[in-house]
Peer 1: 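Can you read through this structure? Questions will come right after.
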Amino acid sequence: MSFGYTQALWMKESATYGSAEDLATGTIYILPVKANISLAQAIDVIETEHMRASASKQQAEIQTSKSSAGGAFSFVVPCKSAITTGANAFCVLVKHLLGKLVTSGPAGTTYTHTFTWNDLLFPGLSIGGNRAGASYVYHGQQIKSLKLFCKVGGPLEATVTTVGKSEVHAAAMTAP
């Protein structure tokens, strides 16, 4: 059965909100995802009504406007990531959605993950991926929503929506 994986996302937990995490070192979670990734930078420009020589947005307006980065991606649950610790990429996403994760184990080869609600958000994630022949990293990503769905006889699928601080070009990333 094909799950539709054609791309991958690299995720690393942030030390502080919006910090530019290096996706080449430390604990990295690699999540196989479907091709419907919509992560991108958005610039909310307040357009003025005055007359000017140009009909397009001016550079001064873009520089002083609100900028954010985020979007959505889909995958099949439970997913394995390319790391050797007890938590997989899905656990990290649920942790950032709910706010608290306590992991115990291993008992043999089994880990126990206990998720509970917490009023505080984690500092976020740096998420990297490839789009249109280039690599991008999105810093300060917070989980906005997680939707789970399935069809009879099919796998459990998830769609995660994020919102964050910035988008930067990155060195080329190659999935393992």
Side-chain angles (χ1 to χ4, degrees), residues 1-14 17-44 67-101 103 109-111 113 115 117 121-176:
M1 173 186 286
S2 172
F3 292 129
Y5 295 143
T6 58
Q7 295 189 16
L9 291 178
W10 288 253
M11 297 187 302
K12 184 174 185 177
E13 294 184 275
S14 300
Y17 177 72
S19 60
E21 299 298 328
D22 181 3
L23 296 180
T25 62
T27 302
I28 310 297
Y29 303 91
I30 301 175
L31 178 65
V33 295
K34 296 186 177 194
N36 63 349
I37 300 169
S38 67
L39 295 172
Q41 184 172 23
I43 301 174
D44 295 331
S67 174
S68 65
F73 52 91
S74 301
F75 55 93
V76 173
V77 178
C79 55
K80 289 288 188 183
S81 59
I83 62 165
T84 58
T85 61
N88 65 24
F90 181 67
C91 288
V92 172
L93 292 171
V94 173
K95 169 186 161 183
H96 281 262
L97 175 70
L98 296 177
K100 187 173 182 182
L101 167 64
T103 300
T109 59
T110 304
Y111 289 84
H113 307 289
F115 297 94
W117 180 257
L121 288 173
F122 284 97
L125 301 162
S126 287
I127 300 175
N130 298 318
R131 185 180 80 225
S135 295
Y136 297 89
V137 178
Y138 304 91
H139 299 294
Q141 297 297 297
Q142 299 282 349
I143 306 299
K144 184 175 179 180
S145 68
L146 169 71
K147 295 179 183 178
L148 298 171
F149 53 94
C150 68
K151 296 177 183 174
V152 175
L156 177 62
E157 297 183 48
T159 298
V160 172
T161 304
T162 66
V163 64
K165 186 174 181 182
S166 65
E167 170 193 74
V168 295
H169 287 276
M173 291 182 256
T174 306

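Quick note: residue numbers are just sequence positions, from 1.
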Peer 1: Do you know which two heavy atoms are closest between Leu97 and Trp117, and how far apart they sit?
Peer 2: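 Nearest pair, atom of Leu97 first, then Trp117: O-CZ3, 4.2 Å.
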Peer 1: Using only atom types and a distance under 3.5 Å, with no angle test, would you say the side chain of Gln141 pairs donor to acceptor with the backbone of Ala69?
Peer 2: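 Answer holds: yes.
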Peer 1: With sequence neighbours excluded, tell me which residues meet side chain to side chain contact (heavy atoms under 4.5 Å, CB included) with Ile37.
Peer 2: Gln7, Leu9, Val33, Leu39, Phe73
Peer 1: Does the side chain to side chain contact (heavy atoms under 4.5 Å, CB included) test come out yes or no for Leu146 and Val94, once each step is laid out?
Peer 2: CA-CA 8 Å; Leu146 169 71; Val94 173; 4.2 Å; yes
Peer 1: Are any side-chain N or O atoms of Ser38 and backbone N or O atoms of Ala72, one a donor and one an acceptor, separated by less than 3.5 Å?
Peer 2: yes
Peer 1: Output yes when Glu13 and Lys95 qualify as a salt bridge under the 4.0 Å nitrogen-oxygen rule, no when they do not.
Peer 2: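 Judged by the 4.0 Å cut-off on N to carboxylate O distance, Glu13 and Lys95 do form a salt bridge.
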Peer 1: Quick one, Thr159 and Phe149 - any side-chain contact, counting heavy atoms below 4.5 Å?
Peer 2: yes
Peer 1: So, taking the atom named CD in Glu21 and the one named OG1 in Thr27, what distance separates them when rounded to the nearest 0.5 Å?
Peer 2: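 Going from the CD atom of Glu21 to the OG1 atom of Thr27 covers 11.0 Å.
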Peer 1: Are Lys34 and Glu157 close enough for a salt bridge, meaning some N to O gap below 4.0 Å?
Peer 2: yes
Peer 1: Quick one: side chain to side chain donor-acceptor pair (under 3.5 Å) partners of Gln142, sequence neighbours excluded?
Peer 2: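 By the side chain to side chain donor-acceptor pair (under 3.5 Å) rule, Gln142 matches no residue at all.
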Peer 1: Could you measure the distance from the SG atom of Cys91 to the CZ atom of Phe115? Nearest 0.5 Å is fine.
Peer 2: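 Between atom SG of Cys91 and atom CZ of Phe115 there are 4.0 Å.
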Peer 1: To the nearest 0.5 Å, how far apart are CG in Leu98 and CD1 in Ile143?
Peer 2: 10.5 Å
Peer 1: Using side-chain heavy atoms (C-beta onward) and a distance below 4.5 Å, is Val137 in contact with Ile127?
Peer 2: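 In short, these two side chains do not touch, never coming nearer than 4.5 Å.
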Peer 1: Looking only at heavy atoms, what is the nearest atom pair of Cys150 and Pro155, with distance?
Peer 2: CB-O, 3.4 Å
Peer 1: One pair to check against side-chain hydrogen bond (donor to acceptor under 3.5 Å, both in side chains): Ser126 and His139. What are the steps and the verdict?
Peer 2: CA-CA 4 Å; Ser126 287; His139 299 294; 2.7 Å; yes
Peer 1: Any side-chain heavy-atom pair from Leu93 and Met11 closer than 4.5 angstrom?
Peer 2: yes
Peer 1: Does a side-chain heavy-atom distance below 4.5 Å link Leu31 with Trp10?
Peer 2: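 Sidechains of Trp10 and Leu31: no contact.
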Peer 1: Judged by atom type as modelled, is there a donor-acceptor pair below 3.5 Å linking the side chain of Lys12 to the main-chain atoms of Asp22?
Peer 2: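 Checked: pair present.
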Peer 1: Any idea which heavy atoms bring Ser14 and Gly140 closest together, and the distance?
Peer 2: OG-N, 4.5 Å
Peer 1: Roughly how far apart are Thr161 OG1 and Lys144 NZ, rounded to 0.5 Å?
Peer 2: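 One finds 7.0 Å between OG1 of Thr161 and NZ of Lys144.
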Peer 1: To the nearest 0.5 Å, what is the distance between OH on Tyr138 and CG on Leu125?
Peer 2: 14.5 Å
Peer 1: Please find the pair of heavy atoms, one from Thr25 and one from Ile28, that lie closest to each other, and give the distance.
Peer 2: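 The answer is O-CD1, 3.1 Å.
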